[in-house]
Number of protein chains: 2
Amino acid sequence: MPDQPPSRRELRREQTAAEILRAARHLLAEDGPTALTLRATAREVGMTAPGVCRYFPDHRALVQAVVTDLYRDLAAGLEAARDARPDAPTADRFTAAARALRHWALGHRSEFTLLFGKPVPDAGTAPEDPAHDAGWRFGQVFVGLLEQLWREGAIPAEPATGTVPAWWSQFDDLREHLTEDLPLPVLHRFVQAWTRLYGLIALEVFGHLDFAMADPEPLFEENLGQLVDLLAPDR
Amino acid sequence: MPDQPPSRRELRREQTAAEILRAARHLLAEDGPTALTLRATAREVGMTAPGVCRYFPDHRALVQAVVTDLYRDLAAGLEAARDARPDAPTADRFTAAARALRHWALGHRSEFTLLFGKPVPDAGTAPEDPAHDAGWRFGQVFVGLLEQLWREGAIPAEPATGTVPAWWSQFDDLREHLTEDLPLPVLHRFVQAWTRLYGLIALEVFGHLDFAMADPEPLFEENLGQLVDLLAPDR
DNA sequence: CAGCATTAGCTTACACCGTTAGCACTTCTG
DNA sequence: CAGAAGTGCTAACGGTGTAAGCTAATGCTG
């Protein structure tokens, strides 16, 4: 079966599936994750709920399709930010991507909550879920920059504290997903940087920073500088 | 009206209100935030939904009562951990409280998600909400330790980088909520430590650390050490 | 103690939600 | 052109929050 040309029917099917997805994303963006409902989505495109079930059998399936779509968009946005000045120092491209992530999160709070919070049980990103791959493409943006920093010799292969703690061997799992074989201290630096980046952005988006400050941007920028120093001190 | 002795009726009212709250918390703990529903709670205590509405007019009100209750429990738990060894160095009491927070979060994932994630719109903790005060008692645990560290001279009053950036004046808001008048660099150190603490725990509870490691505890302990060094270098 | 206001909890009702079963109609295919 | 596959519908069931109105018991008060 040498993948026949998509019949007129299949074409139309993909078209309405895309329309449904667009409606669902609109709902999410407008009224938050709880508004992302089968019936409301159906209404949006002029169908009934069982109608859209022909395209996304479950509510779960619809949500996961949205998650996948969002991850793709986000990854594309980060890639664009990273590659806006291809000749800039790699560390600057890293901060550009990180800023783009924060900017996207603040401009798409509902979407960020769906992807990086833990509200909707249907959004689960288990390894067997289709959204898992899309999520990994997002992570790949930062991993790619990490690998390039490593190639450029910006990251020391030795830990700051003399010896490698035994528990760093946990990073072996992560290492297998990488195209390049990076030493454990490099991966350790990366995870440290990532946790701080995520923590800051999530804290701000979720409003848990309001108690301390009105505008967290300077705090973010300060941390971004620290992160780069920590991640790639030899740049 | 010199607060009359609670009539028999009011006593009974408080009693069933407590029972409803207990049932709601049970539901939350057992089946997650989405299972925390008016009708299910009513079923749990052998009533109908409009029945519990006599006690908590809204679903929102019920959720907020649960949030308040959880904050109180959590705060009590952290205080207990902090005061388990009252004569220990203050830095150790800080790490004890931080460990207790992580331990509670991992053992009460649903509850942690409700308090520190952003899933349920009804759980909003705006300043006018009753849950706000309870949340602040939780924060007070760490703030109290901060103040004690300051009294002991463990925290330098000057920033590491010579001058105080202009944006640190944002911490003035935070300063007003404190009993002691701490210098801006001290508050800056505190916010830095808090964001990293939250980031690590949230990342772990929400499962966003799975891609990198199976057991994040060593990473947490490592960061805890760094945090104390950062927060109170002169201890 | 009698009367009465308050209150607890109920039933009913309405509007949403996800999901299933069955049916009519369109479109492709042999 | 008939049959098969697919599309979207209606109807229905069980779940959710919430408002209105009712009954009966409770507790206060004269």
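Each chain gets a letter, A, B and so on, in the order the sequences are listed, and its residues count up from 1. It should be emphasised that the depicted structure is a prediction, and the values quoted were computed from it without experimental measurement.
- Remark: A:Thr48 engages no residue in a side-chain hydrogen bond (donor to acceptor under 3.5 Å, both in side chains) (not counting sequence neighbours).
- A:Arg22 pairs by the side-chain contact (heavy atoms from CB on, under 4.5 Å) definition with A:Glu19, not counting sequence neighbours.
- Residues passing the side-chain hydrogen bond (donor to acceptor under 3.5 Å, both in side chains) test with B:Gln170, sequence neighbours excluded: none.
- Taking atom CZ of residue A:Phe56 and atom P of nucleotide C:dG18, one finds them 14 Å apart after rounding to whole Å.
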List, one per line, each side-chain donor-acceptor pair under 3.5 Å for residues 140-147 of chain B, sequence neighbours excluded.
from	atom 1	to	atom 2	distance (Å)
B:Glu147	OE1	B:Thr179	OG1	3.1
B:Glu147	OE2	B:Thr179	N	3.3
B:Glu147	OE2	B:Thr179	OG1	3.1
B:Glu147	OE2	B:Glu180	N	3.3

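- Under the rule for a side-chain contact (heavy atoms from CB on, under 4.5 Å), the partners of A:Ala61 that lie at least two apart in sequence or sit in another chain are A:Phe56, A:Pro57, A:Asp58.
- The side-chain contact (heavy atoms from CB on, under 4.5 Å) test applied to B:Asp172 returns B:Ser169, B:Arg175, B:Leu184, not counting sequence neighbours.
- Near-neighbour residues of DNA chain C inside residues 19-31 of chain A, defined by a heavy atom below 4.0 Å, are absent.
- Under the side-chain hydrogen bond (donor to acceptor under 3.5 Å, both in side chains) criterion, A:Arg25 pairs with A:Asp69, A:Asp73, not counting sequence neighbours.
- Scored by the salt bridge (Lys or Arg N to Asp or Glu O under 4.0 Å) test, B:Asp83 finds B:Arg93 as partners (sequence neighbours excluded).
- Under the 4.5 Å side-chain criterion, counting only non-hydrogen atoms from C-beta, B:Trp104 is in contact with B:Phe112.
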Donor-acceptor contacts under 3.5 Å from residues 37-46 of chain B side chains, at least two apart:
from	atom 1	to	atom 2	distance (Å)
B:Thr37	OG1	B:Arg39	N	3.4
B:Thr41	OG1	B:Thr37	O	2.6

Restricting both atoms to N or O, compile the protein contacts to nucleotides 27-30 of chain C shorter than 3.5 Å, with distance only.
from	atom 1	to	atom 2	distance (Å)
C:dT27	O2	A:Arg9	NH2	2.9

Letter per nucleotide, 5' to 3', of nucleotides 8-17 of chain D [B base touched, S only sugar-phosphate touched, - untouched; heavy atoms, 4.0 Å]: BBBBB---BB
